[in-house]
Protein chains: 2
Amino acid sequence: MQYASKMTSDSETEATWPRGRRSSFVAQRVRDMIVAGDIEAGTRINERVLTEQLGVSRTPLREAFKILEGEGLVRIEPNRGATVVSISPEEVEAAIEVLIGLESVAAERACERATPQMIAEIEQLHTAMVDAYKRGELMEYFHTNQTIHQRIVDCAHNATLSRIYAAESARIRRYRYAGNRRSERWARAVFEHEQILDALKQREGALLREVLRAHHLNGWSVTRNVLESEMSKANG
Amino acid sequence: MQYASKMTSDSETEATWPRGRRSSFVAQRVRDMIVAGDIEAGTRINERVLTEQLGVSRTPLREAFKILEGEGLVRIEPNRGATVVSISPEEVEAAIEVLIGLESVAAERACERATPQMIAEIEQLHTAMVDAYKRGELMEYFHTNQTIHQRIVDCAHNATLSRIYAAESARIRRYRYAGNRRSERWARAVFEHEQILDALKQREGALLREVLRAHHLNGWSVTRNVLESEMSKANG
DNA sequence: TATACCCATATTGCATGCAATAAATCGTCA
DNA sequence: TGACGATTTATTGCATGCAATATGGGTATA
């Protein structure tokens with residue numbers, strides 16, 4: 001058995017990771033697999049399989065599980081080990097409420113504290129994102145989009161805010177991806193991102209807060225429908 | 001050597017914890033020690049000492065360190081193990097900004113979703129807190145105060161919100177305790193809590209948001225001064 | 001057929017041993 | 001005395017072994 005991974009070819013075993021950072025690297029690899037959806041939600045993770053695949057012993061892997069449990073990506077049950085957490089639409093909505101709240105704080109602070117360099121970087125990302133949209137590269141678009149939101153939060157120069165936003169955002173990433181697949185939402189989202197960029201460039205904190213909020217609520221209303229129809233397909 | 005703990009008498013060793021939950025229990029114990037200030041900020045934690053004190057092997061202890069690292073309570077460096085994180089006033093302020101943001105989300109939702117039972121529980125806690133204030137029991141006051149804020153957040157019925165709020169709140173707890181020692185701030189804080197309770201009971205979300213925000217900003221301006229003067233004492 | 005039980009196997013939780021690294025100690029010499 | 005290097009000791013990172021638990025399969029019985 002083998003867990004799929006977009007990072008390495010299937011038969012390949014990892015080169016040994018440096019002593020002292022093995023559990024962090026393992027956590028990063030497993031996190032990537034989970035966030036990317038390479039390991040299906042709800043499945044138990046077999047330690048032996050993953051240790052062989054990653055070329056480390058069980059100790060750093062089990063430490064990695066503790067890290068990922070703290071991030072809400074796996075659940076560890078006694079004698080049953082680690083299971084990839086499955087998140088309901090209600091839980092995704094709850095997390096988005098939180099993300100909106102975090103971005104609200106970030107919006108005001110970002111408009112006060114962002115350096116011209118940071119804004120320029122976001123503008124570049126925005127251009128790249130629009131380009132990906134025009135080329136129809138959904139994955140690239142989605143990834144750049146995520147980066148833009150993270151960078152806006154980073155503009156607030158609040159490490160706690162950036163850390164929590166990144167973790168929560170990763171936790172629900174694979175569920176949010178669903179929404180953008182509808183092309184009419186995709187076009188609308190690109191337009192909203194124009195507004196976001198404008199508000200940031202003009203350093204209008206209250207405006208930025210509101211357009212971000214509306215952007216997420218619009219996105220979620222579409223994503224929720226997609227998720228729910230996918231779930232009813234899966235269950236019926 | 002021995003790490004102080006308010007939980008057990010000094011010479012006592014733990015009864016063995018149940019198999020399958022040892023790292024969680026160890027994490028809880030170490031978390032309590034750190035949050036209570038029993039282990040000083042900036043100090044390295046010796047694995048051998050703590051394993052002997054807690055009566056577990058190094059494996060669950062090291063797993064607990066990974067959990068606590070995720071919570072921002074310790075930092076793990078290769079070949080140097082776990083160190084209790086020391087937080088600067090700027091970082092406390094950043095975390096408080098986030099807590100205000102989280103409570104802002106919570107305030108609106110709590111006023112929509114709180115059950116009468118939950119509001120009644122908060123009212124009881126409030127009464128107990130005022131009582132502790134009148135008796136001059138600062139520790140009891142502080143603890144009840146923390147519980148009230150957490151319960152208000154819990155009223156929003158958003159598990160993600162509650163989880164993040166609890167973790168961030170714990171992370172900076174020992175730094176916030178400083179502020180309340182000034183009696184004029186203490187009296188003012190009790191008054192502000194009356195306003196908080198009223199707003200919740202009347203389910204005025206926007207009002208609750210604003211009084212909570214003001215409450216934290218007022219508290220922080222006092223706490224910051226105390227922290228900074230303590231730091232200048234420590235360094236000068 | 002369905003179900004209860006027993007046994008073999010797989011998997012997990014934890015303690016421990018060993019190697020790598022850091023820290024402390026001691027001796028040497030300026 | 002104090003700076004420097006070598007050597008010992010302590011500490012950490014990781015792999016592994018063993019015991020506890022869960023899991024799957026087969027058989028007997030209703």
Where along residues 60-76 of chain A does a heavy atom fall under 4.0 Å from DNA chain C?
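Correct list: Arg62(A).
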Of residues 41-49 of chain A, the positions that come close to DNA chain C - non-hydrogen atoms, cut-off under 4.0 Å:
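By residue number: Arg44(A), Ile45(A), Asn46(A), Glu47(A), Arg48(A).
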Hey, which sits more toward the 5' end of DNA chain D by its nearest nucleotide, Pro78(A) or Arg21(A)?
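Of the two residues, Arg21(A) wins.
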Pick the closest DNA chain D nucleotide for Ala82(B) and for Arg80(A) by heavy atoms, then say which residue is nearer the 5' end.
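Comparing both residues, the 5'-ward one is Ala82(B).
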Heavy-atom pair with the smallest gap, counting every atom of [X] and [Y]:
X         : Y         : answer
Trp220(B) : Glu93(B)  : NE1-OE1, 2.6 Å
Ala166(A) : Arg173(A) : O-NH2, 4.5 Å
Val35(B)  : Ala170(B) : CG2-O, 3.6 Å

Return yes if some donor-acceptor pair links the side-chain N/O of [X] with the main-chain N/O of [Y] below 3.5 Å, else return no.
X         : Y         : result
Arg174(B) : Ala36(B)  : no
Arg44(B)  : Arg80(B)  : yes
Gln146(A) : His143(A) : no
Arg75(A)  : Val85(A)  : no

Less than 4.0 Å between a side-chain N and a carboxylate O, is that true for Arg109(B) and Glu112(B)?
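Result for this pair is yes, salt bridge flagged.
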Give the first and the last nucleotide of DNA chain D, reading 5' to 3', that has any atom under 4.0 Å from a heavy atom of chain A.
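Boundary nucleotides touching chain A, in 5' to 3' order, are dT12(D) to dT23(D).
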Of Arg19(A) and Asn79(A), whose nearest nucleotide on DNA chain C comes first from the 5' end?
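The answer here is Asn79(A).
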From CD1 (Ile87(B)) to CG (Leu73(B)), nearest 0.5 Å
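One gets 7.5 Å once the value is rounded to the nearest 0.5 Å.
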Parallel, tilted or perpendicular: which describes the rings of His216(B) and His149(B), with under 30° parallel and over 60° perpendicular?
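His216(B) vs His149(B) ring planes: tilted.
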Aromatic rings Phe142(B) and Tyr177(B): how do their planes relate, parallel, tilted or perpendicular, breaks at 30° and 60°?
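It falls in the perpendicular class, over 60°.
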With side chain to side chain donor-acceptor pair (under 3.5 Å) as the rule and sequence neighbours excluded, what pairs involving residues 153-165 of chain A come up?
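For residues 153-165 of chain A: Glu103(A)-Tyr165(A), Gln150(A)-Asp154(A), Arg151(A)-Asp154(A), Asp154(A)-Ser162(A), Asn158(A)-Glu97(B), Thr160(A)-Arg171(B), Arg163(A)-Glu168(B).
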Sequence neighbours left out, what passes salt bridge (Lys or Arg N to Asp or Glu O under 4.0 Å) with Glu40(A)? Give chain and number order.
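Testing Glu40(A) for salt bridge (Lys or Arg N to Asp or Glu O under 4.0 Å), a comparison that skips the adjacent residues, returns none.
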Would you work out how much the helix from dT1(C)-dA30(D) to dA30(C)-dT1(D) bends between its ends, with each end axis defined by five base pairs, to 10 degrees?
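Answer rounded to 10°: the end axes differ by 10°.
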